[in-house]
Amino acid sequence: MELEALAGCLSSMSCAVTQVSTGLIIGMLLFLVASGLSLIFGVLGVINFAHGSFYMIGAYFAFSAYQLTDSFTLAILSGALGVGIFGMAFERLFMSKVYGRDVLMQLLVCYAFILILDDMVKILYGAEYKLMGMPQTFALPPFQIAGGFIPSYYVFMIGISAVVGLVLWLGIAKTRFGKVVRAAAINPTMVGALGINTTLLYAFVFGVGSMLAGTAGALAAPIRTLTPGMGLSILIESFIVTVIGGMGSIVGAFIAALLIGLTRSFGSMGFPLFVDGMMFGIMALVLILKPSGLLGRPVH
Amino acid sequence: MATTKGGVPRRKFLKGAASAAAVGAFATTITGFPHIAGAQAKVIRVGMPTILSGRVAILGTSSRAAAQLAVKEFNESGGVNGRMIELVDRDSKGRPDEAAKVTRDLINNDGCEIIIDAEASSGSFAVQEVIRDLPVLCLHTCSETSSLTADPKIHVKTAFRSARQGIHDAVAGGKYASAISKSKGLKRWMTCSPDYAYGRDNTAEFLEYLKIFDPNVEVVDQVWPKLFQPDYTENITKILQVKPQAMYSALWGGDLVAFIEQSNLYSLFNNITFFSGGLGDPPVLTAIKNLPAGLNTVYRYNRFYPNKPGNQAFAEGYNGIAKQEPTNWSWQNRLACSFIFEALKRTNGKTEGTALASELKGMALDSPFAVEDKITMRDSDHTIIGYPAAWGVTSSKFPYVENFTAPAWSEIIQLESEWKKRKGYA
Amino acid sequence: MLGRSSLRDLAWAALLLVGLLVLPILVPHPAMRDFVIYVIAYGLLAMSLNLLVGFTGLVSFGHAAYFASGAYIFGLLMQSGNVSLPVAMLAAVGGTALLALVIGAICVRLKEIYFAFLTLAFQMFIHSIILTWVSLTGGDQGLMGGIPRPTFLGIDLNDSMTLYSFCAVVFVACLVIMRQIVQSPFGYTLRMIRDNPHRANFLGVNVVRMKLAIFVISGTMASVGGIVMALFVSGAYPEFGFWTTSGEAIFMIMLGGTQLFIGPLVGAILLQTLNHYVTIYTEHHGLVLGIVILIFVLGLRRGLADFVYLWFQDRRTRKLEKETGR
C-alpha cells in the first residue's frame, strides 16, 4: 500500500488532473465497448461474448483502411461501419438461431466466433505485432492543464466517445425509435403485434451494439498493439463494467466504466498490485448486494 | 540386471549394434539403395512444442521458421549417416499443461527422438518435467529464466538450454547502464515491467547489478503493469509524477510496442534515459511507428552484430522464407539446431538421449552468433555462454539498433558464479 | 439397500474398469494411456459440472476454480513432503469442499444468469490470487520442480502403467459416487428444482440447501479431476483455474449432451480426440474447432449422446406405433 502517495497526488492539482484524465482515457474507451454489450443484452436478452473479438476486428478494419487510403477519418468509419454490418450478419445468420435457447448455447456460438475470428486475423495479417500509427494531426506535444498532461489524441478520443455515448443515450431515451426499442426490450410480443418488424429491429440493435465495439477498436488502433487475441482482456473488463452498471443500462455502463477507469488510475498510485483483484472484488460485491447492477432492472 | 542382455554385457551389445549400423551405412554407399536396417535408416524426428496461436504466436512462428530452415540445409547436405531429419511442430496454445501433453505425444506417439522446446518459460518448466520422465535429448530455446538451468533441483540430465539466460543479461545490463548513469549522473531510477515471474526476476536482477556497478543509484519507484495489458496510460502518468532520471523496463513484444507508442504521446522519453530489456527484437523495432532515437536496449537480434558473413547469410535466408527479420527466438532455435546436428554427427546418428547429452556437454561451436571465439554449451549447468550479451542504442535507420557494446564473457561468468553461490545453486 | 438399478450400475462400473485396465494391453502404446488419463481428468471436470448444469439447472461459469484448487492443494502438500499421497488427495478434496462451501453459500442464493456471473467473478478472483501469491504458488510459472510421487502401500506411481491404473480406479470410483447421487431421492429432488423450483419449495424442499449441497459435491468431484491432472503432468498451473478451462468444460458438456449421465464423458472424449487430431494436422485449430462448435449448436442442436439417445427413442416409439397402431 502506498496510500500516502495517493493522498499526495490528490492534494496536488497537476497530479489530480493527470490521473483524472487517465481515468477518462481508460474509462471512455471501455464505456464504448461495454455500452454495446449492455445495449445488446438489454434489448435482445443475450450476452455477446464475442464482443471483444468485434473490438479486435474493428481495429484491424481501421488498420487496413488506413493503409489503403491514408485517411484517419475513413479508418474510423470503416472500423465502425464494417463491424456494424458484420454484427448484423452475425445476428441474422447465427445468433438469431439460438434465441430462447439455453444461455450455454449462446455462449458456445460466441465462443466459436472468438476462436474463428482470432484465427482469421492470424491467417490474414500474420502473427506479428501491428500498429496503425498516429495520424500527423495529433503529432503535438501534450496539452498542459493546471500542470497536468493530456495528449491531444486522447482529448479527441474522449470527445468522440462522449459524443457517441450521448447520441446513443438521446436516441434511446428521447426518440420515437428509442421508445420502440425500449418497449421491445420489455415485451417483444406486444411490439410485434403492433406491426413493428422485431426481426429487423433486433438485427439493427445488434448492429449498433457491434458498431460501438468496432468504433472503440478503431480508436484504439493508433495506440494499442494489434495482435490476434487482443479482444480477450477488453472483453473481461467490459463484462465487469456491464455487470456492475447493470445489464441493459447505458447510463449504468457509463458510471461503471468511469468507476473502473478511476480505480485503475488512482489505484496505480495507491494500491498498484491490487487493482485487478479490486475489480473482481467490486463485481462480486455488486452481484451479492444488488444482482441486477447499479442501474439495471431486475430480470424476472 | 539391466546391464546385461541375454548374457552379453550391455556395452559390448551396444558396440555390436553400432558396428551393424556401420555395415548398413557401408552397404548404402556401395549399392546406392538405402539399407533398411531397423531404426538406423529411418528419418530422425525432432519434435517442437511451441506457441502458434494467441498473442505470442510470433514466438512460435519465428522459432519454427528458423528451425525449418536449418533442417532443410542439414538434409540437403546429406543428413547424418544417411538419416534425414524431420521437424514436427505442435501448438501448445501457450498452456503449460498442454505443452506437457503435446511433448509426451510427440515422443510417445510421433516417435520424436529429440525435442526442441520452443515454449515460453512456464511451458518450459512443464516440458522439463516430461523430459525427466521420458529422457530424450531436449533443448529449451526460448526460456530465459535463469533457474531453469541454474537450479540443481530442476536439472535434468538430457535437457539443455540454447537461449540467453536472464542472469547473463543482468550482468551485461548492469555494467552497461552503470557506465551511462555514472557519466550522466543518473541517480533517480524507476522500473516499469510486466507483473509476472519473468518480468519481476529480470527487473530485480538488472537492478541488483546496476547497484553493484554504481552504488549511487536509487530506485525511487516501480510500476508493474499486467502481462498483455493493452493500455499503459495509468503507468505512464505515474512515471510522469515520479519524474525519474532513468528507467528500466522488462516489457517485451506487443506490450512494449504499445508502451513506447503511448509514452510518445506524453513525450516521456524527452527527459528520461530509457533502458529496455526487449526493444532490440526486430519485429518490435519495426512495429513501432515513431521509434525515438537514443533508447538503450539489450541485444535481441541484429544482422550486423556479430558482424560475420554467416550471420548476414542467416538473416537473408530467414527473410527468404519468413519475409521479415529474424527474432531473438529465431537465432536461438537456429543455434539449437546446430548443436543437435553436431551431436548427431558425433554419435554417428545415434539418437539415444544420454549419448547425445554426453556429446552436448561442453560442446563448443563456431557459430555465426558467437561474440568471442565460440558458443559453448557449458558442461556444469547445460546452458550456453559466448553468445551476444550486448547492449546498443536505437537509431532511425535499419536495422534500428547500433553501437553494440558487450562486457567480456570472463567477467560475466565471474559475477554469475558469485550469484550462484548467493542463491545456493553452487 | 442396493436396488436392482444400483446393482446394474455397479456391474457397468466393473465392466468399465475392466475395459480401462485391458485397453493398454490391447493398445500397448503409451500415447493411448496419456490420452485416457487426459480424458479422465477433463471428463471428471465436465461430469461434475453437469451435476449442476444438467441435473440442477445451475449454470456455473466458474467450475475450473475447483479443478485448480484440487491440483494446487494436492501439489503443494506433496511438494512439502510431509504427507503421503492418499492423505494429500483427501486433504485436497476436503479443502476444495470447504472452498466450494464458502463460495457456494454466497452464490446459490442468486438466480440464473447472476449465479453464473458470480461464480465467474469468484473464479477470476481465485485465479488472480494464484497469480499474485508467487511465494506459495509460483505465480504464472505454476508449481515448479515436479510433484513427487512417493510409494504408498506398495504402489509406485512413478511407473506409468501403475499411474494409469490408479487413475482409472479413482475415475470409476468417482463415477459410481456421482451415479449414486444422481439416482438417489436427492438426485430426483435436484431435477425437480431444475424443472420447477417454486413447486419444490411448496413441497417443503429447502431449495437453497439442496443447491448448496450439490454445489459442494460437484466442486469436490472437479477437484479429483484436478488431482489426476496434477499427478499426470507433475505440476499445477494457473491456467487450470482460468475461465477458458471452465469454457472448455461447458463445451464438453454441450458436445456430449446434458441429459444423459454419461453425456459429458462422451463430450470429453470427443473434444480430446478433436484437439489431438486437429493440432496434428493444422495450426488453425481455432478455425476448425469453431466450425465444429457451430455444426453442433446450429446443426445437431444438442450434444452427441443426447442426439443419439433421442434418435433411438424416436425409432422405438415409431416402431411401437407401427406395431400397435394398425
Side-chain angles (χ1 to χ4, degrees), chain A residues 41 45 47 49-50 93-98 101-123 127 228-229 232 235-236 239-240 242-244 247 273-288 290-293 296 298-300, chain C residues 49 53-54 57 59-62 103 106-107 109-129 131-134 242-244 246-251 253-255 258 282-299 301-303:
Chain A
F41 180 82
I47 304 162
F49 280 104
L93 295 174
F94 299 99
M95 220 47 197
S96 61
K97 307 279 190 274
V98 285
R101 284 175 66 194
D102 214 328
V103 61
L104 288 178
M105 288 295 178
Q106 299 162 4
L107 179 75
L108 278 182
V109 170
C110 295
Y111 184 51
F113 268 84
I114 293 176
L115 295 173
I116 291 173
L117 291 176
D118 271 358
D119 249 4
M120 289 303 285
V121 163
K122 198 178 80 182
I123 292 167
L232 202 66
L235 168 70
I236 296 172
F239 182 73
I240 294 174
T242 314
V243 170
I244 293 177
M247 302 292 282
L273 295 181
F274 201 58
V275 171
D276 280 310
M278 188 82 171
M279 293 205 311
F280 295 115
I282 296 177
M283 173 171 159
L285 205 66
V286 167
L287 277 171
I288 294 166
K290 191 166 182 300
S292 54
V299 180
H300 20 273
Chain C
L49 177 59
V53 176
V59 177
S60 165
F61 283 174
I103 294 180
I106 302 170
C107 290
R109 284 159 212 284
L110 263 56
K111 282 197 192 93
E112 290 143 28
I113 198 77
Y114 300 121
F115 169 81
F117 292 165
L118 194 57
T119 50
L120 178 71
F122 274 113
Q123 167 182 278
M124 294 308 286
F125 198 67
I126 288 172
H127 181 255
S128 63
I129 288 176
L131 281 186
T132 334
W133 198 348
V134 181
F242 198 49
W243 67 270
T244 46
S246 294
E248 240 172 59
I250 290 173
F251 184 26
I253 292 184
M254 296 323 251
L255 213 54
T258 53
T282 171
E283 66 184 84
H284 304 303
H285 42 77
L287 197 62
V288 178
L289 217 59
I291 291 168
V292 170
I293 296 177
L294 289 180
I295 292 171
F296 266 88
V297 176
L298 303 175
R301 299 177 66 88
R302 55 180 60 83

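Residue numbers start from 1 in every chain, and the chains themselves are labelled A, B, ... in the order their sequence lines are given, proteins ahead of strands.
Residues W243(C) and I236(A) are in side-chain contact: their nearest non-hydrogen atoms beyond the backbone lie under 4.5 Å apart. Annotation: side chain of F296(C) is not in contact with side chain of L108(A) (no heavy-atom distance under 4.5 Å). Y114(C) has its side chain out of reach of V243(A): every pair of non-hydrogen atoms, C-beta onward, lies at least 4.5 Å apart. When side chains are defined from C-beta on, K122(A) counts as touching H284(C), because their heavy atoms get closer than 4.5 Å. For the pair M254(C) and L107(A), the minimum side-chain heavy-atom distance is 4.5 Å or more.
When all heavy atoms are compared, the tightest approach of D119(A) to H285(C) is OD2-N, 3.6 Å. Nearest heavy atom pair, residue L110(C) against residue P291(A), reads CG-CG, 4.2 Å. F280(A) and S128(C) get closest at one heavy-atom pair: CD1-OG, 4.5 Å. In terms of heavy atoms, G290(C) sits closest to L115(A) at N-CD1, 4.2 Å.
L298(C) touches chain A through its side chain: at least one heavy atom from C-beta onward sits under 4.5 Å away, while N, CA, C and O do not. If you measure heavy-atom distances from F115(C) to chain A, you find no contacts under 4.5 Å at all. Proximity to chain A is limited to the side chain of V53(C), based on heavy atoms less than 4.5 angstrom apart. Proximity to chain A is limited to the side chain of I106(C), based on heavy atoms less than 4.5 angstrom apart. Of the two parts of I129(C), neither the backbone nor the side chain holds a non-hydrogen atom closer than 4.5 Å to a non-hydrogen atom of chain A. Residue V297(C) touches chain A through both its backbone and its side chain, counting heavy-atom pairs closer than 4.5 Å.
The greatest number of non-hydrogen atom pairs below 4.5 Å with chain C, out of L117(A), I240(A), V109(A), is found for V109(A). In terms of heavy-atom pairs under 4.5 angstrom with chain C, the leader among I123(A), V286(A), I116(A) is I116(A).
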